[in-house]
Amino acid sequence: MSFGKGCHLHLIDGSAFIFRAYHALPPLTRKSDGLPIGAVSGFCNMLQRYVDDNAGGDVTHVAVIFDKGSHTFRNDLYPEYKANREAMPEDLRPQIPLTRRATEAFNIACKEIEGYEADDIIATLSMQARDAGGRVTIISSDKDLMQLVGGGVEMLDAMKNRRIDAEGVEEKFGVGPDRVVDVQALAGDSVDNVPGAPGIGVKTAALLINEYGDLDTLLERAGEIKQPKRRQTLIEKADQIRLSRQLVQLDCATPLDFTLDDLEVRDPDPDTLLGFLSEMEFRTLSKRIAAAMEVEPPVIPDAAPQAPGEAAPDWPAIDAASHEKITDMAALAVWIDLVKAHGHVAIDTETTSLNEMQAELVGISLAVEPGHACYIPLGHRSGDADDLFGSDRLAGGQLPLQDALDALAPVLEDPAILKIGQNMKYDMKILARHGVSMSPIDDTMLMSYALHAGLHNHGMDALSERYLGHTPIPIKTLLGSGKSAITFDRVPVDDAVAYAAEDADITLRLWRLFKPQLHREKVTAVYETLERPLVPVLARMERHGIEVDREVLSRMSSAFAQKMAALEEEIHALAGRKFNVGSPKQLGEILFDEMGLVGGKRGKTGAYATGADVLEDLATEHDLPARILDWRQLSKLKSTYTDALQDHIDPETGRVHTSYVQTGANTGRLASTDPNLQNIPVRTEEGRRIRTAFVAPKGRTLVSLDYSQIELRILAHVADIDALKQAFRDGLDIHAMTASEMFGVPLDQMTPEIRRQAKAINFGVIYGISGFGLARNLRIPRAEAQGFIDRYFERFPGIRAYMDDTIAFAKEHGHVKTLFGRRIHTPEISAKGPRAGFARRAAINAPIQGTAADVIRRAMIRMPAAIEGLPCKMLLQVHDELLFEVEDGAVEDVIAAARDVMQGAAAPAVRLGVPLIVDAGHGANWAEAH
DNA sequence: GAGTTCACG
DNA sequence: GACGTACGTGAACTCA
């Protein structure tokens with residue numbers, strides 16, 4: 001039947017169905033393999049109900065419309081459009097294609113157009129149907145669709161079973177459907193990030209539109225508005241309002257590759273529908289549908305669920321003999337087809353160095369199933385390393401590197417093929433240097449971190465041994481160790497095949513094991529929102545690096561060397577003999593045995609302790625300890641910073657490229673290595689000068705933004721301390737306020753000393769305070785310190801409750817959690833002896849430190865979109881600080897954009913009861929910017 | 001390679 | 001009543 005008068009078209013908003021189904025149901029998984037299917041199940045039930053409800057009705061045509069692609073013309077108009085959306089939950093993502101298949105199984109037309117939102121397709125079809133003289137019902141409650149209502153188009157809220165006609169729209173917006181867009185343009189939409197006119201909501205917008213007729217007239221005559229604030233907003237923000245109207249206006253001319261006639265209602269085919277339902281293992285639903293169709297219900301076997309953490313018994317052993325060597329393009333093409341057929345592939349790159357900036361690609365290994373792996377040698381060298389002429393020759397029997405990459409790139413960049421790796425940041429950086437940007441990716445190291453933080457480290461060797469019962473070939477057997485170690489390009493190809501293909505094989509097995517565990521252990525959100533999306537962000541920061549001025553460091557090194565030499569002489573004179581100033585053992589003997597100073601304490605190894613705290617106490621008695629302290633400071637600055645940093649300047653880029661270890665700290669913090677740029681001195685004036693060597697190139701500026709007191713704010717929130725929360729809301733000096741509360745000193749009579757003590761207590765609480773620890777930190781008697789703590793608990797009783805609850809939770813579950821669901825395991829929490837104390841304090845600290853770490857991770861993940869188009873790069877993270885390199889003219893814009901992201905980073909997942917405040921600075925170098 | 005010390009948040 | 005203690009990191013150095 002050709003669509004025309006008397007026809008009735010139903011358009012179902014597919015995405016709304018999916019999200020409603022996802023949130024309405026618990027995270028169900030398919031019994032046989034753990035595939036998440038909760039949303040698919042709910043979706044099918046909703047479709048079934050729809051079919052039942054409309055059986056025998058007047059509907060002649062129907063389609064389910066989906067969104068496709070995240071980038072639409074609206075993003076080109078306004079990059080921030082829908083930018084504050086949470087990433088799709090990981091356990092929902094694999095269900096999206098299944099909902100398409102479900103729709104088709106029900107024999108309902110299933111339509112999507114790349115680069116268009118479902119709403120635009122719905123708009124286009126509605127107008128076509130209306131113009132053809134038919135009726136339309138849009139099954140959705142999305143207010144953005146209300147502009148389409150009228151002239152035979154209505155909406156139906158399927159959940160409430162309520163029809164929405166022009167009257168209903170007027171009830172909601174205060175204007176008719178034809179003016180809905182104008183009202184939305186003024187009111188904006190915080191969910192979709194449509195800016196609108198600040199301070200004007202739906203009510204005011206409707207009032208204005210009704211008074212002036214339409215938006216254009218209103219904007220033209222904005223000068224006539226009486227309220228000064230409103231008038232000013234409408235005049236100043238006219239462009240922003242017009243842009244907002246473009247964003248909310250649905251596109252009724254979406255190019256479609258089908259016609260209304262293709263949407264005719266069809267009866268489902270029982271075999272197809274029941275086949276799909278039994279594949280999903282929906283027992284109840286398939287019985288019900290089979291009964292309705294009057295056919296036999298399918299028999300769905302009861303598959304035994306796989307025990308968590310247990311390798312599937314039918315996997316072949318990890319065996320070098322089964323691993324293929326790829327030496328011609330035909331064989332590579334076969335593998336590429338295999339990868340496409342599987343839709344995912346484990347990948348590992350072999351290179352000449354652990355330094356990704358300098359490493360040369362030597363080979364690539366792939367695996368598609370346990371035991372089915374290959375290695376593609378690309379850059380192995382032949383001949384003796386000592387042979388100057390032969391050493392650079394490529395070994396025979398290898399594919400040309402560029403040919404292999406050209407063949408692989410379409411797969412590696414295919415958004416429909418998942419690339420699985422162990423520490424993918426490394427492989428992404430290597431391939432990025434060859435112009436290949438892998439996406440999407442999964443990372444078994446990060447999966448393990450989300451699942452097992454606090455239990456063990458997450459290197460492949462540890463994971464393989466622990467979860468596969470297999471010890472991988474040690475890299476040492478190929479490369480040797482120490483001075484005689486060779487690089488991977490010198491490894492004979494056949495040895496490399498065994499080693500490299502095994503790594504891909506292991507990675508694939510770990511992925512098969514961990515992936516379903518993420519759902520079972522309820523850490524998919526952590527993995528999906530805090531781990532996986534951070535990988536490309538860190539990779540980019542590391543590749544950018546930061547410019548370091550070698551001259552500045554070199555001059556400082558010389559100055560330090562001179563001062564140290566002078567101090568050394570002085571020290572030897574004071575000691576009465578020469579000795580190695582850098583040897584704590586020799587120093588201890590001199591101080592406590594030879595010079596007879598009292599208070600020497602021996603550690604477990606029998607050596608005297610000579611740490612800074614000990615020497616500071618001794619400094620009142622004698623000059624020597626003070627000189628040692630001076631010498632040590634200089635020695636530290638020189639060896640760790642001014643000397644070592646110079647060696648880390650990359651000869652190609654002239655910049656220093658750190659590596660962030662995403663799984664480095666149990667709490668969720670990052671660690672920085674080679675070099676560590678998270679501990680560049682700042683606390684002393686002399687050390688701080690090292691930061692002047694971290695510079696921005698000409699025409700650019702370094703911009704630093706850091707969270708103010710983020711851990712204390714989080715403590716105030718999680719322990720629910722009203723006094724602290726209020727103090728933060730009022731923008732008070734939190735340490736002074738604590739001091740005032742504890743010691744009864746009015747704020748205007750506060751002394752630095754009292755404030756200092758309160759500050760120490762505030763930090764102590766975050767660290768799992770003990771009387772002993774506070775006493776040592778403040779150098780006061782233990783009883784006095786305990787008195788402070790008692791008073792603190794009395795004044796802020798929530799703290800005690802938080803600590804007790806956290807310990808109890810840890811004992812019950814074996815882990816603690818951050819506000820964002822990150823788990824930190826606490827295996828020692830019930831240990832006996834001193835270890836229990838450590839575990840308790842770590843358990844108290846972890847949710848606070850970890851939540852702060854989660855917050856800045858969220859900010860970093862959102863940052864690229866927020867600063868897109870601005871001439872700047874994010875370079876470094878130092879736990880609560882982000883450092884950017886910005887073109888001089890854009891400093892204020894970047895600060896505004898980045899601050900917005902950072903201050904809003906907890907939302908929408910967590911609503912903190914305290915504001916997050918970000919301080920900003922900028923300058924030619926890091927010392928000035930901080 | 002373990003132990004000590006010290007740089008950072 | 002006695003344990004021993006602030007939380008989280010990485011790097012350089014000494015010494016066995």
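All values below come from the heavy atoms of this structure, side chains included, with hydrogens, waters and symmetry mates left out. First the proteins, then the strands, lettered A, B, ... as listed; each starts at 1.
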Exercise. Across the strands shown, which category fits A/Gly768 at heavy-atom distances under 4.0 angstrom: base, sugar-phosphate, nothing?
Worked result: nothing
Problem set entry | A/His815 ring center within less than 6.0 Å of A/Phe809 ring center | yes
For this session: Specify the residues of residues 834-847 of chain A, ordered by number, for which at least one heavy atom lies under 4.0 angstrom from an atom of DNA chain C.
Result: A/Pro834, A/Phe838, A/Arg841, A/Ala842, A/Asn845
Exercise. Salt bridge (charged side-chain N to carboxylate O under 4.0 Å, His left out): which pairs involve residues 766-777 of chain A, sequence neighbours left out?
Worked result: none
For this session: Using side-chain contact (heavy atoms from CB on, under 4.5 Å) as the criterion, point out the one residue from A/Leu912, A/Ile917, A/Ile848 that pairs with A/Arg713.
Result: A/Ile917
For this session: Taking only heavy atoms on the protein side, list every residue of residues 630-649 of chain A lying under 4.0 Å from any atom of DNA chain C, sorted numerically.
Result: A/Lys636, A/Ser639, A/Thr640, A/Ala644
For this session: Using the P atom on both, measure B/dC6 against C/dA6 and round to a whole Å.
Result: 14 Å
Exercise. A/Asn679 has a side chain; which of B/dC8, C/dA6, B/dG9 sits nearest to it?
Worked result: B/dC8
For this session: Give one of base, sugar-phosphate or nothing for A/Asn676, where a contact means two heavy atoms less than 4.0 Å apart.
Result: sugar-phosphate
Exercise. Contact class for A/Ile766 (heavy atom, under 4.0 Å): base, sugar-phosphate, or nothing?
Worked result: nothing
Problem set entry | A/Glu356 vs A/Arg543, salt bridge (Lys or Arg N to Asp or Glu O under 4.0 Å): CA-CA, chis, key distance, verdict | CA-CA 9 Å; A/Glu356 308 96 320; A/Arg543 276 168 58 79; over 6 Å; no
Exercise. To the nearest 0.5 Å, what is the distance between CH2 (A/Trp926) and CD1 (A/Ile690)?
Worked result: 11.5 Å
Problem set entry | Under 4.0 angstrom between A/Gln849 side-chain N/O and C/dT9 OP1 or OP2 | no
Problem set entry | Nearest-angstrom distance, P atom, B/dG3 to C/dG4 | 16 Å
Exercise. Is the cationic atom of A/Arg782 (NZ for Lys, CZ for Arg) positioned less than 6.0 Å from the six-membered ring centroid of A/Phe772 and within 45 degrees of its normal?
Worked result: no
For this session: Provide the distance between the two P atoms, one in C/dT5 and one in B/dT4, to the nearest whole Å.
Result: 11 Å
Exercise. Taking atom types as they are modelled, is there a donor-acceptor pair under 3.5 Å from the base of C/dT5 to the side chain of A/Ser770?
Worked result: yes
Seminar exercise, completed: Out of B/dT4, C/dT14, B/dC8, minimum distance to the side chain of A/Lys604 belongs to B/dT4
For this session: Answer yes or no on whether A/Arg841 is positioned over the face of A/Phe838, meaning its NZ or CZ is under 6.0 Å from the six-membered ring centre and within 45° of the axis.
Result: yes
Problem set entry | OP1 or OP2 of B/dT4 under 4.0 Å from side-chain N/O of A/Thr610 | no
For this session: Please determine, for the side chain of A/His879, which listed nucleotide (B/dG9, C/dT9, C/dA6) has the closest atom?
Result: B/dG9
Problem set entry | A/Arg782 side chain, from C-beta outward: closest of C/dA6, C/dG8, C/dG4 | C/dG4
For this session: Please determine if a side-chain N or O atom of A/Arg776 lies less than 4.0 Å away from the OP1 or OP2 oxygen of C/dT5.
Result: no
Problem set entry | Proximity of A/Phe796 and A/Tyr792 rings by center, below 6.0 Å | yes
